[in-house]
Q: 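I'd like to ask some things about the structure below.
Because the structure is a prediction, the values reported are computed rather than measured. Numbers here are sequence positions counted from 1.
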Amino acid sequence: MKTRKIFTAILLAAVVVAFAACKKSRYCHCISESYQSVALDGSTSTVADTVVVNVDRGFKCEHLLELGVQELKNGEYVTSTRKVDCLELDMDTVVTIPTEHPTED
């Protein structure tokens, strides 16, 4: 009887630890501010980058304000920073990445 209680306690502890380990990170969906992009044919267009970032659970997505971006220009990689708006994705229920962030009123 005592062995059964110990086995049950160990099994319960393992389930709790495994469940807690599943939520060690969060996913942030970030959209950069719009910027001018120049195509190879010389045409320009206004675009915005979108990226999903995996951060530690203790970090809030709203605290991501800038992200570094590497672009290939004239055969060299140039690193620049872009201001971003980020929201947390609920990966348990969201199947697709939203195309727009909801506006806060």
Q: Is there a side-chain contact between Cys28 and Val52 in this structure, where contact means two heavy atoms from C-beta onward sitting under 4.5 Å apart?
A: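 Cys28 vs Val52: side chains apart.
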Q: Test question: given the 4.5 Å side-chain rule for I, L, V, M, F, W and Y, name all other residues clustered with Leu72, or answer none.
A: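 Other cluster members: Tyr77.
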Q: Quick one: does Leu67's side chain get under 4.5 Å of Ser32's, heavy atoms only?
A: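 SC-SC contact between Leu67 and Ser32 ruled out.
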Q: State which residues pass salt bridge (charged side-chain N to carboxylate O under 4.0 Å, His left out) with Glu76; sequence neighbours excluded, sorted by chain then number.
A: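 Partners of Glu76 under the salt bridge (charged side-chain N to carboxylate O under 4.0 Å, His left out) test: none.
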Q: Can Val78 and Gln70 be said to form a side-chain contact (heavy atoms from CB on, under 4.5 Å), step by step?
A: CA-CA 5 Å; Val78 178; Gln70 279 191 342; over 6 Å; no
Q: State whether Lys83 and Glu33 are salt-bridged, where the test is any N-O pair (Lys NZ or Arg NE/NH1/NH2 against Asp/Glu carboxylate O) under 4.0 Å.
A: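 No.
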Q: My understanding is that only residues two or more places apart in sequence, or in another chain, count here; which of them pass side chain to side chain donor-acceptor pair (under 3.5 Å) with Asn54?
A: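 Scan of Asn54 (side chain to side chain donor-acceptor pair (under 3.5 Å), adjacent residues dropped) gives Ser25.
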Q: Does Glu62 have any salt bridge (charged side-chain N to carboxylate O under 4.0 Å, His left out) partners at least two apart in sequence or in another chain, and if so, which?
A: none
Q: When rounded to the nearest 0.5 angstrom, what distance separates OG1 in Thr50 from CG in Asp85?
A: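 Between Thr50 OG1 and Asp85 CG, I get 11.0 Å after rounding to 0.5 Å.
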Q: Could you tell me whether the side chain of Asp49 reaches within less than 4.5 Å of the side chain of Arg82, counting heavy atoms only?
A: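 In contact.
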Q: Among all residues two or more places apart in sequence or in another chain, which pass the side chain to side chain contact (heavy atoms under 4.5 Å, CB included) test with Leu65?
A: none
Q: In Å, rounded to the nearest 0.5 Å, how long is the span from SG of Cys61 to CG of Leu89?
A: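 Those atoms lie 7.5 Å apart.
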Q: When clusters are formed by joining ILVMFWY residues with side-chain heavy atoms under 4.5 Å apart, either directly or through shared neighbours, do Val51 and Val69 land in the same one?
A: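 The answer is no; the residues belong to distinct hydrophobic clusters.
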Q: Please report the closest heavy-atom contact between Arg57 and Arg26, naming both atoms and the distance.
A: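 Scanning both residues completely, I find the closest heavy atoms to be O-NH2, 2.8 Å.
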Q: For Tyr27 and Val55, what are the C-alpha separation, side-chain angles and deciding distance, and is it a side-chain contact (heavy atoms from CB on, under 4.5 Å)?
A: CA-CA 6 Å; Tyr27 293 90; Val55 296; over 6 Å; no
Q: State, yes or no, whether a side-chain contact exists between Cys86 and His29 at a heavy-atom distance under 4.5 Å.
A: no
